[in-house]
Amino acid sequence: MELTRRKVLALGTGTLAFAGFPALARLADGVIADITGGAELREGGISLSAPEIAENGNTVPVRVDAPGAVAITLLADGNPVPNVATFRFGPMSASRGASTRIRLAKTQNVLALAEMEDGSFRMTKAEVKVTIGGCGG
Amino acid sequence: MASGVKPRVKVPKKASAGAAVTIKTLISHKMESGQRKDDQGKAIPRSIINRFTADFNGQNVIDVALEPAISTNPYFEFEAVVPESGEFTFTWYDDDGDIYSTARKIEVS
């Protein structure tokens, strides 16, 4: 098989998609393990909306929702420090979700990790392509 | 960073009992990440707001732990239930120990 640029690119994306969660940066992995205590991560029940392309990494709007969550943690696996924010919901919260604006240093995955009322963990991610990084320098 | 910090919140003035209301908050703050360097190449120390809370009549709505990856002028939008008339209180906690707070009343019919 002749390897064209297009095929190589397609191959790359395919591998990434199949590798799934293990392909995350190591820093973010450590933080996730700290939060879950090694518990199983399930998909579904959590939604994360972020732009596919962010022109300015200094302020990227994101929205996360996880009905039935006690807490939601946002992580960015390509930032110098992966933690972004942790939302804890109180008794007067109407929806287990929130919007905010975050900084992304470069193109990377934004991860949302929800701790549910039954003690399980849900995770989802969204890739954001960043044109101008948001970490000064 | 005790100067120029100004909280702004948007809460509906009226709502029907038990309804969910959308709340938007923003506070002007530079959120210095600690990752940047000045002209001499020295790191600029971190100075951010590290916690934000919203309560309704003393009961918690949301409690957010902020990291340096939150943008300048931290913005949050979320929903709260209002079973009766009362007051929302919003509190921001600065790295330097300062606490900024503001309150909004809501009338429930």
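Proteins get letters first, then strands, A, B, ... in listed order; numbering begins at 1 in each. We use all heavy atoms of the structure for the numbers below, so side chains are in, but hydrogens, waters and symmetry mates are not.
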Review point. If you count heavy-atom pairs under 4.5 Å between each of B/I62, B/I23, B/V61 and chain A, which one has the most?
Key: B/V61

Revision key, fill the gap. Of the listed B/T22, B/T72, B/I70, the one with the largest count of heavy-atom pairs under 4.5 Å with chain A is B/I70

State the [atom1]-[atom2] distance between [X] and [Y], to the nearest 0.5 angstrom.
X      : Y      : atom1 : atom2 : answer
A/R101 : B/N73  : CZ    : CG    : 8.5 Å
A/F87  : B/D63  : CZ    : CG    : 11.0 Å
B/Q35  : A/R103 : CD    : CZ    : 10.0 Å

Got a sec: does the [atom1] of [X] have more than 12 other heavy atoms crowding it under 6.0 Å?
X     : atom1 : result
B/R8  : CZ    : no
B/E87 : CD    : yes
A/E55 : CD    : no

Exercise for review: Can you tell which part of B/T53 gets under 4.5 Å to a heavy atom of chain A, answering side chain, backbone, both or neither?
Suggested key: neither

Exercise for review: Could you tell me which portion of B/L26 (side chain, backbone, both or neither) has an atom closer than 4.5 angstrom to a non-hydrogen atom of chain A?
Suggested key: side chain

Practice item. Considering only heavy atoms and a distance below 4.5 Å, find which of A/G90, A/A98, A/G97 pairs most often with chain B. Key: A/G90

Practice item. Pick whichever of A/T59, A/I102, A/V60, A/V84 has the most heavy-atom pairs under 4.5 Å with chain B. Key: A/V84

Practice item. May I ask you to test the B/E67-A/P82 pair for a side-chain heavy-atom distance under 4.5 Å? Key: no

Linking I/L/V/M/F/W/Y whenever any side-chain heavy atoms sit under 4.5 Å apart, do [X] and [Y] land together?
X      : Y     : result
B/V21  : B/V9  : yes
B/Y100 : B/L66 : yes
B/Y93  : B/F52 : no
B/V108 : A/M92 : yes
A/L111 : A/L41 : yes

Exercise for review: Return yes if some donor-acceptor pair links the side-chain N/O of A/S93 with the main-chain N/O of B/A80 below 3.5 Å, else return no.
Suggested key: no

Point to revise | B/S71 side chain vs A/N58 backbone, donor-acceptor pair below 3.5 Å | key: yes

Check your understanding: Relative to chain B, which segment of A/R96 carries a heavy atom at a distance below 4.5 Å: side chain, backbone, both, or neither?
Key -> neither

Exercise for review: List the atom of A/T100, the atom of B/F76, and the distance in Å for their closest heavy-atom pair.
Suggested key: OG1-CE2, 3.4 Å

Review point. What pair of heavy atoms forms the shortest contact from A/N83 to B/A69, and how long is it?
Key: O-CB, 3.9 Å

